[in-house]
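Here's the structure, in structure tokens; my notes come after.
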Amino acid sequence: MARLKTAVLISGRGSNLAALIRAAEAADYPAEIALVVSNRADAGGLALAEAAGIATAVIDHRGFAERDAFDRAVEAAIVDAGCTLICLAGFMRILGAALVERWSDRILNIHPSLLPAFPGLDTHRRALAAGVRITGATVHLARPAVDDGPIIAQAAVPVLPEDGEADLADRVLAAEHRLYPLALGLLAAGRVRVADGRVRIDGPVDWPASPLISPVPE
Ligand code: GRF
């Protein structure tokens, strides 16, 4: 089985990157993390990648006058590394529509809410302010609008009465770390189809069961 080379784009600590690296250590996982790109030289995730022997590239957005030039530099690094999939994992730059469209259905994003609720920043603060009882995490195919695109997988996470932002962020993050490897695995295995703007998954989902994660394993 050919493992699809995947680039992970980060800006920070890289805990989702770590979850993807761990998943890709399994010989039967259909993706290989072949490159980590950060727009910040001080991103903690770079050290995680280096420790795992994964190539890294720092491309500082401040060195580019135009978004498109930055996007092209990121894309060139990804193509040079032979990657055909991209995972956004806490990457705090908005990719331009041209790049997103060139890589249509080949860019994944993870967001710490049950989209389409609470796109954008300050997700947990807004979830708490809205008083939702259940929040969660979403992995979706990227589209030009921020946190928009066909949903591959979601995990539901309860909001507890005494939760502050940090409590909720921690609980959701634990779900993210299970969800992202599931979604990338499905995409890399060629099992994600998009029809009428919605994702259909081919075949049964073989993953440790959780009633709070969908697609549910069979
Ligand atoms: C995660 O909560 C992710 O959903 C959001 O940014 C955070 C990144 O965390 N897009 P990490 O760098 O993966 O630890």
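Counting starts at 1 for both ligands and their atoms, following the listed order. Just so we're clear, the structure is a prediction, and the values are computed from it rather than from any experiment. The first residue in the sequence is number 1, and the count goes up from there.
Residue pairs meeting the ring-ring contact (aromatic ring centres under 6.0 Å, His included) criterion with at least one partner in residues 78-111, sequence neighbours excluded, are absent. For residues 137-186, the set of pairs meeting the ring-ring contact (aromatic ring centres under 6.0 Å, His included) definition, not counting sequence neighbours, is empty.
Using a distance-only test at 3.5 Å, with no hydrogens or angles considered, no donor-acceptor pair links the side chain of R3 to the main chain of A188.
Annotation: atom 12 (O) of ligand 1 to nearest protein heavy atom, G14 N, 2.8 Å. Looking at atom 9 (O) of ligand 1, its nearest protein heavy atom turns out to be R13 NH2, 3.2 Å. For atom 2 (O) of ligand 1, the nearest non-hydrogen atom of the protein is E176 OE2, 3.0 Å.
Using a 4.0 Å cut-off between charged nitrogen and carboxylate oxygen, D60 and R62 count as a salt-bridge pair.
Scanning I110, T123, D147 for the heavy atom closest to atom 10 (N) of ligand 1 points to I110. Among P112, S15, G90, S11, the residue whose heavy atom sits closest to atom 11 (P) of ligand 1 is S15.
A pairwise comparison of heavy atoms in I21 and L48 identifies CD1-O, 4.3 Å as the closest pair.
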